[in-house]
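Only one structure is covered here, and it is reproduced in the block below.
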Amino acid sequence: MESKDLIIRCSSLGSIMTNARSKSVALSQTCKSHIQERFNELEFGITDYWTNQYVQKGTSEEDVSLMMAQRVHKWEFMSKNEERFTNDFITGEPDAINDDFVLEIKSSWSMKTFPMYAETNPNKGYEWQLQGYLWLTGKEVGHLSYCLVDTPEMLVIDELYRTARNQGFIDLPPKVEKEIRDNHSFGHVPEHLRIKTFEIRRDEEKIEQIKERVNECRNYYNELKLKLEIA
C-alpha cells in the first residue's frame, strides 16, 4: 500500500493527535504505535484485535444508551447510523445523525467512570473523534453523550469471576457479590442524572491540524516501509 492511501479512523484520532513530549519530535509514541499497528494490518494482514469489558459494554449497550439520550434530551427519534463516511484523510461511522447534529454515545462502565460531576468533557480524544465526524458529515454541531446504563449480566458474571480469582476465592462471599452487582445496576438513579452530554462545535483549525497530522503519519508509514525494505 502507498502511504498516501493511509486513511485514519475517527475513533483513532485521539491517538494520533497526541503531542510528543519533545517539540523537536513530530509524532508522539502513542501516535507511532498506532501507525505501526495499521502498518501490520495493511501490509501483512495482521489485526491486533483488542477488547476489554469496557469496550464490550459500550458495544452491547449502544442502542440502550441511544434511546435513553433521546428520552432525556427529548430529541426526535434517531436510529443507529449504519453509513460510513470517508474522505481523503479519515473515515468514520457516527453513532447517530439528524438534521441538526452528530451524536456519539459512550456507555460508561460504572459510576466511577461516569463523568457525573464534570463541567467539561474529561476525554479530549473523543473531541477529536467528533471533529472528524463533523468534517465528514458537514455538520456544525456534535453531541458527546456519556450514558450510565446497567451492565449486561454476562459482563457482570465476568467481573465476579475476575474478582474471585484475584482475591483467591472459589466462590465470592455473598456480600462481595452483592456489592459488585449493585455497582453495575443503576435503575434507582434518576434517568436524567445518568446522562452527561457535551456539545462539540466544528473547529476548522482543528480540522486543519488533523490533515497535517495524517500527512505526518503517512510520512512515518513510508519510513517504516523503507526501513523494512518493503516495495
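Not measured: the values here are computed from a predicted model.
The NE2 atom of His34 sits 12.5 Å away from atom CE of Met17, with the distance rounded to the nearest 0.5 Å. Annotation: the span from Glu205 atom CD to Ile210 atom CD1 amounts to 11.5 Å, rounded to 0.5 Å. Taking CD of Gln53 as the start and CG of Asp158 as the end, the distance is 8.0 Å to the nearest 0.5 Å. Here the OG1 atom belonging to Thr18 is positioned 10.5 Å from the CH2 atom belonging to Trp128, to the nearest 0.5 angstrom.
No hydrogens or angles considered: a donor-acceptor pair under 3.5 Å links the side chains of Thr151 and His184. Under the 3.5 Å distance criterion, with hydrogens and angles disregarded, no donor-acceptor pair is assigned to the side chains of Glu93 and Asn81. Ser65 and Ser107 are linked by a side-chain donor-acceptor pair at a separation below 3.5 angstrom, with hydrogens and angles left out of the test. Side chains of Tyr126 and Gln131: no donor on one and acceptor on the other come within 3.5 Å. A donor-acceptor contact closer than 3.5 angstrom links the side chains of Lys106 and Gln129. Counting only N and O atoms by type, the side chains of Arg84 and Thr91 include a donor and acceptor under 3.5 Å apart. A side-chain N or O of Tyr146 and one of Asn121 form a donor-acceptor pair less than 3.5 Å apart.
Summarising the geometry of Val141 relative to Glu199, their closest heavy-atom pair is CG1-CG, 3.8 Å, with the distance given to 0.1 Å. Nearest heavy atoms, Leu136 versus Cys10: CD1-SG, 3.6 Å. Residues Ser108 and Pro115 approach most closely at OG-CD, 4.2 Å, considering heavy atoms. Residues Leu134 and Arg202 approach most closely at O-NH1, 2.9 Å, considering heavy atoms.
Using a 4.0 Å cut-off between a side-chain N of Lys or Arg and a carboxylate O of Asp or Glu, Lys178 and Asp182 qualify as a salt bridge. Using a 4.0 Å cut-off between charged side-chain N and carboxylate O, Arg9 and Glu37 make no salt bridge. A salt bridge links Arg71 to Glu191: one of the charged nitrogens lies within less than 4.0 Å of a carboxylate oxygen.
The cationic atom of Lys225 (NZ for Lys, CZ for Arg) does not lie both less than 6.0 Å from the six-membered ring centre of Phe39 and within 45° of the ring axis.
Arg181 places no side-chain N or O within donor-acceptor distance of the main-chain N or O of Val156, the cut-off being under 3.5 Å.
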* **Audit row: Lys32, Glu216, salt bridge (charged side-chain N to carboxylate O under 4.0 Å, His left out) steps and yes/no** => CA-CA 10 Å; Lys32 287 182 176 181; Glu216 290 171 341; over 6 Å; no

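Ring geometry for His143 versus Trp75: interplanar angle under 30°, hence parallel rather than tilted (30 to 60°).
The aromatic ring centres of Phe89 and Trp135 sit less than 6.0 Å apart.
Summarising the local packing, CZ of Phe169 is surrounded by more than 12 heavy atoms from other residues, nucleotides or ligands at distances under 6.0 Å.
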